[in-house]
Number of protein chains: 2
Amino acid sequence: MNGDLIKAQDIFLGRVNQTCNKFGLNNIMAQVYALLYLCGKPLSLDDMVERLRISKGSASINIRALERYDVVRKVWVKGSRRDYYEAQVDIEKVVMDRIKSAIQTRLTEVDGMINLSTSALDIVDFSDEEEKEAVEIFRQRLDRLRKLHGKAKELFDLFDTSLLTTALVSETEETAK
Amino acid sequence: MNGDLIKAQDIFLGRVNQTCNKFGLNNIMAQVYALLYLCGKPLSLDDMVERLRISKGSASINIRALERYDVVRKVWVKGSRRDYYEAQVDIEKVVMDRIKSAIQTRLTEVDGMINLSTSALDIVDFSDEEEKEAVEIFRQRLDRLRKLHGKAKELFDLFDTSLLTTALVSETEETAK
DNA sequence: TTTAACGTTTAAAACATTTTAAACGAATAT
DNA sequence: ATATTCGTTTAAAATGTTTTAAACGTTAAA
């Protein structure tokens with residue numbers, strides 16, 4: 001049996017690991033997905049454990065996270081009691097989904113931040129003449145933030161409603177060979 | 001002296017902290033910037049230490065990181081030996097710079113990943129008939145990744161060269177009041 | 001000079017996250 | 001029934017990151 005393929009895959013997987021650190025992603029989750037993506041055939045938990053030298057618990061937890069994200073699928077393999085998983089190979093969709101979700105989370109978060117702070121500012125007592133200017137600056141900053149958020153949201157909606165997305169997302173749903 | 005303003009600012013700062021965790025950003029760095037952004041006037045290290053209840057070392061390290069990112073500026077205050085800092089108030093620019101830099105880092109990282117793996121794959125010995133198919137799948141996956149990377153890069157360049165950016169970036173350089 | 005006021009560095013601590021090993025329970029095979 | 005093969009759970013260990021307190025060096029004041 002020829003080990004060159006394994007070696008080449010390991011180089012890819014190693015690099016995925018490195019990339020993950022820079023991206024702030026979970027190493028094992030990404031590696032599990034990468035392995036499934038590369039192999040193009042269903043693997044069992046034990047396959048992953050052996051191939052990536054990780055614990056079974058970790059494999060179990062991470063594969064289910066990947067399932068929730070809809071980037072891997074559980075498949076049934078005839079004659080085996082094990083759970084097998086295969087990667088969603090439409091990587092464009094996977095990446096787009098993640099990016100969109102990340103942006104949306106952040107936009108919502110910032111929106112909440114602005115609203116909360118605006119309410120807080122409205123309660124400030126204006127009697128103190130000395131603070132009037134500081135309050136005014138605070139208000140200006142919030143306005144500016146609000147404007148930025150609005151524009152970002154517009155841009156995201158544009159991004160979301162195809163116009164730009166079509167340029168990026170897989171043209172055909174050709175799934176492997 | 002009226003504490004309402006402080007309270008309102010604290011609410012904002014608290015929320016920034018919470019937001020940071022979700023964003024994977026450094027809490028103190030963001031809080032320092034947020035404080036300077038809100039106050040709209042130069043603050044010294046000790047001001048930040050007192051206002052945010054952080055250590056001086058932390059303030060020092062983080063303010064310099066912010067300086068490197070070009071989001072705060074050291075300013076000279078007459079009659080004081082301290083270093084004072086003020087926020088770059090053009091928040092659109094700050095955010096855009098960060099986003100662009102993040103995207104570029106990731107694109108470069110992925111590019112490296114693809115190239116490295118491609119080289120690794122080229123070395124694989126083809127003699128083993130059984131592995132031929134697996135190698136082919138690997139190759140297909142890499143091709144697909146390369147395509148995605150290419151499109152992402154195109155999109156980013158579009159984003160970078162104004163077309164979309166103009167919609168987002170500050171129209172005038174009006175710097176506070 | 002000597003002293004005081006700074007900003008910076010650094011080693012240790014506090015903290016959060018990830019990973020593991022082992023125990024567990026459910027399902028199937030014997 | 002019993003034993004085995006699975007996936008999951010969980011408490012503890014490993015790891016990585018952030019934060020601090022204290023020591024340090026430098027500059028300006030006294």
Side-chain angles (χ1 to χ4, degrees), chain A residues 13-14 16-36 42-69 71-86 102 105 109, chain B residues 13-14 16-36 42-69 71-86 102 105 109:
Chain A
L13 293 171
V16 164
N17 203 309
Q18 178 191 318
T19 301
C20 277
N21 293 330
K22 287 212 177 185
F23 280 41
L25 299 177
N26 182 315
N27 284 20
I28 291 199
M29 195 146 71
Q31 284 209 317
V32 167
Y33 175 72
L35 177 63
L36 291 173
L43 298 183
S44 70
L45 276 193
D46 285 324
D47 290 336
M48 304 171 205
V49 165
E50 191 201 321
R51 199 67 178 65
L52 299 174
R53 301 287 164 87
I54 58 176
S55 75
K56 214 171 173 181
S58 197
S60 173
I61 285 174
N62 284 291
I63 200 77
R64 271 180 300 155
L66 288 171
E67 239 184 330
R68 271 202 312 282
Y69 287 158
V71 303
V72 307
R73 247 195 295 278
K74 198 184 283 194
V75 297
W76 182 74
V77 170
K78 196 163 70 176
S80 175
R81 285 165 53 195
R82 301 179 199 230
D83 293 344
Y84 281 81
Y85 295 88
E86 66 179 11
T105 303
E109 189 70 30
Chain B
L13 292 171
V16 165
N17 204 309
Q18 178 191 319
T19 301
C20 278
N21 293 330
K22 288 212 175 184
F23 281 40
L25 299 176
N26 182 315
N27 284 21
I28 290 198
M29 196 148 69
Q31 284 209 316
V32 167
Y33 175 73
L35 177 63
L36 291 173
L43 298 182
S44 72
L45 275 193
D46 285 325
D47 291 335
M48 304 172 206
V49 165
E50 190 200 322
R51 198 66 178 65
L52 299 174
R53 300 290 163 86
I54 58 176
S55 75
K56 212 170 174 184
S58 197
S60 171
I61 285 174
N62 283 291
I63 200 77
R64 269 180 304 153
L66 287 171
E67 238 183 330
R68 270 202 313 282
Y69 286 157
V71 303
V72 307
R73 246 194 296 277
K74 199 184 281 194
V75 298
W76 183 74
V77 170
K78 195 163 70 178
S80 175
R81 283 168 54 196
R82 299 178 201 234
D83 294 344
Y84 281 80
Y85 295 88
E86 67 180 9
T105 303
E109 188 71 30

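Below, chain A is the first sequence line, B the second, and so on; all start at residue 1.
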Notebook entry, point to check: With a 4.5 Å heavy-atom cut-off, do A/Tyr85 and A/Val75 have their side chains touching?
Noted result: no

Check: Between atom CE in A/Met29 and atom C1' in C/dT19, what is the gap in whole Å?
Finding: 14 Å

Next item on the list: Give B/Arg81 one of three labels, base, sugar-phosphate or nothing, depending on what nucleic acid heavy atoms sit under 4.0 Å from its own.
Entry: base

Notebook entry, point to check: How close or far is atom C1' of C/dT20 from atom CG of A/Leu52, stated in whole angstroms?
Noted result: 15 Å

Margin query: Could you check whether atom OH of A/Tyr84 has more than 12 heavy atoms from other residues, nucleotides or ligands sitting under 6.0 Å from it?
Written below: yes

Next item on the list: Can you tell me the distance, in whole Å, between the CG atom of A/Asn17 and the C1' atom of C/dT19?
Entry: 13 Å

Check: For D/dT17, does either OP1 or OP2 sit under 4.0 Å from a side-chain N or O belonging to B/Asn27?
Finding: no

Notebook entry, point to check: Taking side chain as C-beta onward, heavy atoms only, is A/Gln31 less than 4.5 Å from A/Met48?
Noted result: no

Each nucleotide N or O in nucleotides 8-12 of chain D that has a protein N or O under 3.5 Å away: list the pair and distance.
unit_1: D/dT8; atom_1: OP2; unit_2: A/Ser60; atom_2: OG; d: 2.7
unit_1: D/dT9; atom_1: OP2; unit_2: A/Arg64; atom_2: NH1; d: 2.8
unit_1: D/dT9; atom_1: OP2; unit_2: A/Arg64; atom_2: NH2; d: 3.1

Item checked: Atom pair distance, as rounded to whole Å: CG in A/Asn26 and C1' in D/dG16 -> 13 Å

Next item on the list: Would you mind reporting whether A/Thr19 and A/Asn17 have side-chain heavy atoms less than 4.5 Å apart?
Entry: no

Check: Should A/Asn21 be listed as having a side-chain N or O under 4.0 Å from OP1 or OP2 of D/dG16?
Finding: no

Next item on the list: Could you tell me which non-hydrogen atom of A/Ala59 sits nearest to which non-hydrogen atom of A/Ile54, and how far apart they are?
Entry: CB-CD1, 3.9 Å

Next item on the list: Quickly work out the A/Met48 CE to C/dT19 P distance and round it to whole Å.
Entry: 15 Å

Notebook entry, point to check: Just how far, in rounded Å, is C1' of C/dA21 from CD1 of A/Ile54?
Noted result: 14 Å

Item checked: Nearest-Å distance for atom pair CZ/P, residues A/Arg82 and D/dT4 -> 16 Å

Notebook entry, point to check: So do B/Leu35 and B/Asp47 actually touch side chain to side chain, heavy atoms under 4.5 Å?
Noted result: no

Notebook entry, point to check: Does the side chain of A/Val72 come within less than 4.5 Å of A/Tyr33's, by heavy atoms?
Noted result: yes

Next item on the list: Let me know the distance between CG of B/Leu25 and C1' of D/dT19, rounded to the nearest Å.
Entry: 17 Å

